[in-house]
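Have a look at the structure below before the remarks.
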Amino acid sequence: MSTLFGESPGAFGESAAGAGGGVPYDLFGPAVLAPPAGGDAGGGAPRLDAEGLLDGLNPQQRAAVVHIGAPLLVVAGAGSGKTRVLAHRIAYLLAARGVRPGEVLAITFTNKAAAEMRERVGALVGPRAREMWVSTFHSACVRILRSEAKRLGYGSSFSIYDAADAQRLITMVTRDLDLDPKRHPARGLAAQISNLKNELIDWEAARDRASSHQERTVAEVYAAYQQRLAQANAFDFDDLIMMAVNVLQAFPDVAEHYRRRFRHVLVDEYQDTNHAQYVLVRELVGQPAHVDADAPAAADPPVSTATWASGAVPPAELCVVGDADQSIYAFRGANIRNIVEFEEDFPNAAVILLEQNYRSTQTILSAANGVIARNNQRKAKRLWSDAGDGEKIVGFVADNEHDEAAFVAEEVDRLTDAGLARPAGVAVFYRTNAQSRVFEEIFVRVGLPYRVVGGVRFYERREIRDLLAYLRVLVNPNDTVNLRRILNVPRRGIGDRAEAALAGFAEVERIGFAAALERVGEVPGIATRSAKAVREFTALLTELRAVEANGPVAVVEAARERTGYLSELVAEDTAEAQGRVENLQELVGVVQEFTERSPEGTLAEFLEQVSLVADADQIPTDDGSDGVVTLMTLHSAKGLEFPVVFLTGLEDGVFPHLRTLGDPTQLEEERRLAYVGVTRARSRLYLTRSVVRSAWGQPAYNPPSRFLGEVPDALVDWRRLVEAAPEPAARPWGGSGGFGSGTGGGSGPARRSLPNSPFAGRPAARPVLELSQGDRVTHDSFGLGVVVATGGVGDSAEATIDFGADAGTKRLLLRYAPVEKL
DNA sequence: TCGAAACGGTTTTTT
DNA sequence: ACCGTTTCGA
């Protein structure tokens with residue numbers, strides 16, 4: 001069913017009327033609904049009668065579609081047709097229950113999922129689906145905030161700061177507060193503040209509950225950061241949710257407005273919601289959040305409680321869909337309790353289980369079941385399929401990561417030559433983005449077309465961010481982060497000194513940075529040359545602002561050319577600069593497409609949409625041609641399916657990731673990730689690992705992933721195993737490599753050994769040096785030292801070592817540090 | 001103020 | 001190994 005890659009046309013292929021390909025994701029808000037595929041877009045929509053909407057659904061699916069009243073949880077196993085259920089449920093609401101489209105709010109996590117939902121509902125009910133809000137959590141909140149920003153003291157043309165912007169701003173804050181950037185890295189502070197926001201803890205609450213020095217520092221940074229965001233008229237990603245909740249809770253009339261409007265709220269991937277999103281849903285539905293007795297918030301019940309308790313608006317009908325086994329975002333605040341305790345949160349809730357899988361062979365499902373069954377904290381659920389056993393799973397043990405990639409390339413080649421697969425039907429999954437490189441190298445060499453999802457993203461490339469910074473400043477002059485970013489880009493002679501003088505002046509005068517630029521003449525301690533450059537810069541901004549009237553395309557072109565950005569790159573005349581020029585051209589193309597699709601679209605609208613684009617939105621869609629092999633992380637793979645899947649890097653330390661090995665909870669999340677990976681495959685699944693893998697310079701011998709041992713032996717055909725333990729890692733450090741021997745792919749004798757155990761010839765894990773306080777050591781570059789402290793266990797063991805007057809005291813990760821014990 | 005050189009962190013996953 | 005950032009010299 002829900003394939004984006006199989007029989008149905010890509011979600012955007014033919015539905016993206018007028019888009020003309022190119023931008024592979026839907027940038028456009030809920031108001032823009034593509035006409036239903038199949039062309040019957042005229043007034044007389046494809047009006048299925050209510051009964052017709054139930055055709056072809058199994059009894060559980062049908063029950064979920066027709067359910068009335070009480071909050072409904074649909075526990076939808078992988079491939080069990082949940083998107084179909086959601087789409088049919090919405091259509092059924094309209095067709096059978098007289099619900100008006102404007103009363104429906106459907107929330108997803110990615111733009112791609114939202115677009116697919118919109119398209120599928122559109123295909124069922126026709127153009128009136130346009131009235132619905134089908135959007136991501138973030139874009140729904142932006143929409144709410146755009147109309148209500150004034151109540152929060154924000155202007156409606158606020159900027160949206162992504163993680164990188166937030167980090168820059170936090171760096172500025174830590175500088176202001178004179179914090180040691182070594183002790184308080186912006187990255188860590190950003191993560192902690194983000195966690196607080198996901199828990200709906202504002203800076204005052206954070207200050208009040210801080211009990212350690214570290215927490216007080218975080219609260220202090222949080223407070224200053226939030227103030228700077230407000231000054232810049234900007235929200236960060238987490239603010240979007242938190243502030244939307246704030247508005248709903250603080251202003252009963254706002255809450256009532258949305259509750260009157262949305263009588264049906266549907267949430268996809270409910271297992272990925274964090275606390276803030278959970279509360280948001282409850283506020284929108286009109287069921288104030290269930291409050292723990294011991295939570296501090298209990299003393300201060302949300303205003304909104306009174307609103308619905310007084311009977312103004314009865315709660316909306318809620319339907320959430322999710323699968324606790326596919327919860328893989330706990331690390332960023334997703335709270336699995338939201339789905340696990342749904343029935344406690346909503347005491348009269350109904351639960352429907354979808355266990356029949358329409359995607360994979362029974363072999364693949366049995367493998368998935370075998371793995372996920374090892375998780376303890378879990379409600380029993382067993383996927384089944386009537387598609388038959390199909391092919392066996394193929395296992396492969398490679399000598400090194402190049403060998404592994406070569407095997408994948410050969411196998412893809414073999415399958416496509418034999419007509420068993422098209423490149424578009426093949427996906428290669430790995431745990432971390434860094435692992436894509438080896439595959440890319442080999443695929444380029446053998447001429448296999450591919451596309452990498454994620455990694456260095458288009459909108460994170462420096463030149464793109466620079467140009468977008470110009471555009472953001474035009475729309476929101478108070479956007480200090482972006483203004484300071486472009487102040488001296490390209491180089492125009494406004495250095496750190498001048499910038500500091502301007503910032504100081506702004507501070508003293510209590511004016512914005514932009515205002516300080518205008519009054520550069522009064523700024524003390526600024527060089528005449530710099531002042532002149534500043535005047536030229538402000539003149540440039542004025543000039544660009546004048547272009548704004550000519551539409552977004554004109555502005556982006558002007559920003560590219562009149563700033564001198566383009567000419568600087570051209571002058572550089574390197575391959576890298578050439579690439580950047582092309583990227584800028586592509587950005588112009590994106591703006592052009594935006595204007596074609598929304599002729600009335602403003603620059604501000606364009607910027608909002610690019611701010612909310614995610615990796616997962618850029619997955620290539622299958623247009624029926626041979627297409628390309630897709631390379632992506634397991635996380636990006638969720639929600640997709642492919643006839644052929646390679647799950648690579650199955651080594652303890654890689655997958656499961658090193659940093660999860662010591663923590664059972666995190667390990668369970670890794671296992672769910674494995675489950676997600678396995679269940680993406682329709683008919684062919686490959687499991688591969690590598691005996692040695694070079695990670696940042698040094699080779700690492702990792703044992704086979706424990707997940708391999710959890711797949712029933714009988715399901716796997718091991719094409720290659722390694723017999724003897726490879727050369728043990730006896731050479732401590734400085735052993736001059738000797739690697740890169742087997743990069744030719746398929747080189748070396750294929751040593752076969754005893755069949756069917758991934759653990760045959762299990763290599764020893766590379767030992768980590770064990771040190772204790774007082775040990776004397778020698779380091780390749782620091783020389784002799786004495787251990788003063790140790791910490792961490794296993795591969796994350798570290799030691800603080802005093803190397804004497806010359807090198808000082810260092811903290812080193814023993815796994816990597818070139819240290820020998822004496 | 002700017003470029004080259006040294007440095008150091010990175011490799012978990014993202015709206 | 002690689003990248004971006006900081007530091008140092010011109």
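A note on names: the letters A, B, ... follow the listed sequences, proteins ahead of strands, and every chain is numbered from 1. Quick caveat, the model's predicted, so the values are computed rather than measured.
- Partners of A:Asp466 by side chain to side chain donor-acceptor pair (under 3.5 Å), not counting sequence neighbours, listed by chain and number: A:Arg485, A:Tyr565.
- Scanning for side chain to side chain donor-acceptor pair (under 3.5 Å) contacts around A:Tyr225 gives A:Asp236, with sequence neighbours left out.
- An aromatic stacking contact between A:Tyr329 and the base of B:dT13 is absent, as defined here by ring centres under 5.5 Å apart and ring planes under 30° from parallel.
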Please write out each protein N/O paired with an N/O of nucleotides 2-7 of chain B under 3.5 Å, distance rounded to 0.1 Å.
from  : atom 1 : to       : atom 2 : distance (Å)
B:dC2 : OP1    : A:Gly493 : N      : 3.3
B:dC2 : OP2    : A:Asn488 : ND2    : 3.2
B:dG3 : OP2    : A:Arg491 : NH1    : 3.2

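- For A:Ser139, no side-chain nitrogen or oxygen approaches OP1 or OP2 of B:dT15 to under 4.0 Å.
- With sequence neighbours excluded, no residue forms a salt bridge (charged side-chain N to carboxylate O under 4.0 Å, His left out) with A:Arg472.
- Within 4.0 Å of A:Arg672, counting heavy atoms only, lies no atom of the nucleic acid at all.
- For the pair A:Leu634 CG and B:dT11 P, the computed distance is 17 Å after rounding to whole Å.
- Among B:dT11, B:dT14, B:dT15, the nucleotide with an atom closest to any side-chain atom of A:His657 is B:dT11.
- Note on A:Thr660: every side-chain N or O is 4.0 Å or more away from OP1 and OP2 of B:dT13.
- Under the salt bridge (charged side-chain N to carboxylate O under 4.0 Å, His left out) criterion, A:Arg484 pairs with A:Glu499, not counting sequence neighbours.
- The side chain to side chain donor-acceptor pair (under 3.5 Å) test applied to A:Asp272 returns A:Lys638, not counting sequence neighbours.
- Taking A:Asn482 as the reference, A:Asp479 meet the side chain to side chain donor-acceptor pair (under 3.5 Å) condition, with sequence neighbours excluded.
- If you check every strand for non-hydrogen atoms under 4.0 Å, A:Arg529 touches nothing.
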Show which side-chain atoms of residues 168-175 of chain A pair as donor or acceptor with protein atoms under 3.5 Å away, not counting sequence neighbours.
from     : atom 1 : to       : atom 2 : distance (Å)
A:Thr171 : OG1    : A:Gln167 : O      : 2.8
A:Thr174 : OG1    : A:Ile170 : O      : 3.3
A:Thr174 : OG1    : A:Thr171 : O      : 2.8

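- With a cutoff of under 4.0 Å to any heavy atom of chain A, the contacted region of DNA chain C is bounded 5' to 3' by C:dA1 to C:dC2.
- Here the OG atom belonging to A:Ser694 is positioned 4.5 Å from the CD atom belonging to A:Glu401, to the nearest 0.5 angstrom.
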Name every donor-acceptor pair, under 3.5 Å, that has one atom in a side chain of residues 486-495 of chain A and the other anywhere in the protein, sequence neighbours excluded.
from     : atom 1 : to       : atom 2 : distance (Å)
A:Asn488 : OD1    : A:Arg492 : N      : 2.8
A:Asn488 : OD1    : A:Gly493 : N      : 3.2
A:Asn488 : OD1    : A:Ile494 : N      : 3.1
A:Asn488 : ND2    : A:Ile494 : O      : 3.1
A:Arg492 : NH1    : A:Ile486 : O      : 2.8
A:Arg492 : NH1    : A:Leu487 : O      : 2.7
A:Arg492 : NH2    : A:Tyr470 : OH     : 2.8

Worksheet item: DNA chain B in dot-bracket, Watson-Crick or G-U pairs under 3.5 Å, [ ] crossing, | other strand?
Response: ||||||||||.....
Side-chain donor-acceptor pairs under 3.5 Å in residues 320-329 of chain A, sequence neighbours left out?
from     : atom 1 : to       : atom 2 : distance (Å)
A:Asp323 : OD1    : A:Asp325 : N      : 2.9
A:Asp323 : OD1    : A:Lys381 : NZ     : 2.7
A:Asp323 : OD2    : A:Gln326 : NE2    : 2.9
A:Asp325 : OD1    : A:Arg378 : NE     : 2.8
A:Asp325 : OD2    : A:Arg378 : NE     : 3.1
A:Asp325 : OD2    : A:Arg378 : NH2    : 2.8
A:Asp325 : OD2    : A:Lys381 : NZ     : 3.0
A:Gln326 : OE1    : A:Arg680 : NH2    : 3.3
A:Tyr329 : OH     : A:His635 : O      : 3.4

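- In terms of position along DNA chain B, the nucleotide closest to A:Ser530 lies nearer the 5' end than the nucleotide closest to the other residue of the pair A:His138 and A:Ser530.
- Note: A:Tyr278 and A:His275 have tilted aromatic rings, judged against thresholds of 30 and 60 degrees for the angle between ring planes.
- In the set B:dT14, B:dT11, B:dT15, the nucleotide with an atom closest to the side chain of A:Arg659 is B:dT11.
- Proximity of A:Asn111 to the phosphate of B:dT15: no side-chain N or O atom is located under 4.0 Å from OP1 or OP2.
- Toward the 5′ end of DNA chain B lies the nearest nucleotide of A:Asp496, the other residue of the pair A:Asp496 and A:Gln666 mapping further downstream.
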